[in-house]
Asks: 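Before anything else, here's the structure in question.
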Amino acid sequence: MSQILLRSINKSYDGATQVLHDVSMEIEDGEFIVIVGPSGCGKSTLLRLIAGLEACQDGEIVIAGQRANEQLPQHRDIAMIFQNYALYPHLTVRENIAFGLELRKVPKRERNQRALEVARTLQLEPYLDRKPGALSGGQRQRVAMGRAIARNTSTFLMDEPLSNLDNALRVAMRTEIKALHRQLGATIIYVTHDQTEALSLADRIAVMKGGYLQQFDTPEAIYDRPANQFVASFLGMPPMNFLPVDKVPFWQGELGIEIGLRPEALSINRDGSGMSSLPGRIVLSEMTGSDVILHCETEAGRLTLIEERNRLSGGSGDVLIHVDLDRAHFFHGDSGARLDLA
Ligand code: ADP
């Protein structure tokens, strides 16, 4: 049985502007789902609906086989972790973690025992008697998670939980959240606008735009077979390149479509062989470590590709860019929908 079912959810805050359009999703027990999309596309609204903090106009939310639309948040067996994790500064880590249990009248001994277990899981045991002021940003974030975990719920909703952390900490916490998911076996629904977070964390990604669900699939499927041009451009870094086929001199197929080329479908053609090449000029190169990101101008448009640093002779100049058509994506010129050309 799927754990959370969203059936044709429509939501408007003011009765005039619709924020979610017919969103349907089936989330299995224990899955790590990431909802991703640009700011304002309705991610948080969707999460708040699942939590019971907002109501929808029509559609149905089913949790563990039961219609949940009318269920109060506290009856949903769901814990929510927000971006601005509010810890109580005058309480210790132990008391912060156990806080929700105290509200639920769990006896003190049991509360302390549970706080200790959770602190062990999150590697916070050495800090149990400290107050939040004496913790690092990452430790504070872990305490906030600890408070949610202590409640023993089966589902965690996380709304951009890492967005207030600096980059190094964000990367470290990402690994921790992934490990935690494995350890708890809980369902996690995680909202972010960061495509890297989505690709690295999710079992399945829900890509949203303007209140519409664009695609709901595994990171691999979304990367390899994006449903439309928006999904293709939103996931992947550097982003996919797009060229109108009409401007690609060696193109011999159907016209009126866009060709999508991820950087890995492009390479510098050194020996001048092969048919599918475009002359271009390197206008900018960015060193990333072992690789260099090359931005090239061609007559068909701008192309970004990645080359190994030690294979490059110079940083700029005229080049021939080889296009691997077997790895190209095609999209309808008007609608942007994916086309599978034979
Ligand atoms: P996201 O999380 O993707 O940034 P939100 O779900 O927060 O998007 O917002 C989606 C849309 O709903 C936005 O246009 C936003 O302005 C609007 N919105 C969000 N919350 C409210 C609210 N409480 N009242 C009215 N409009 C809201």
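Ligands are counted one by one from 1 in listed order, and the atoms in each one are counted from 1 as well.
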Asks: Relative to each other, are the rings of Y212 and H21 parallel, tilted or perpendicular (30° and 60° limits)?
Replies: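 Ring orientation, 0 to 90° scale: parallel.
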Asks: Linking Ile, Leu, Val, Met, Phe, Trp and Tyr through side-chain heavy atoms less than 4.5 Å apart, which residues share a cluster with F99?
Replies: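 Traced through the cluster, F99 reaches Y88, L91, L103.
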Asks: By the rule that ILVMFWY residues connect when side-chain heavy atoms come within less than 4.5 angstrom, directly or transitively, which residues belong alongside V171?
Replies: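 Hydrophobic cluster check, V171: no partners found.
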Asks: Mind checking side-chain contact (heavy atoms from CB on, under 4.5 Å) for K105 and listing every partner two or more places apart, or none if nothing turns up?
Replies: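 Once residues adjacent in sequence are excluded, K105 has no partner under the side-chain contact (heavy atoms from CB on, under 4.5 Å) criterion.
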Asks: Heavy-atom contacts with ligand 1 below 4.0 Å: which residues, ordered by chain and residue number?
Replies: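 Contacting ligand 1 under 4.0 Å are Y13, V19, P38, S39, G40, C41, G42, K43, S44, T45.
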Asks: If you define the side chain from C-beta out and look only at heavy atoms, does anything of D291 sit under 4.5 Å from E307?
Replies: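 A side-chain contact is absent here, since even the closest heavy-atom pair is not under 4.5 Å.
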Asks: Any ion pair linking R94 and D129 (charged N to carboxylate O, less than 4.0 Å)?
Replies: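 Yes, D129 and R94 are salt-bridged.
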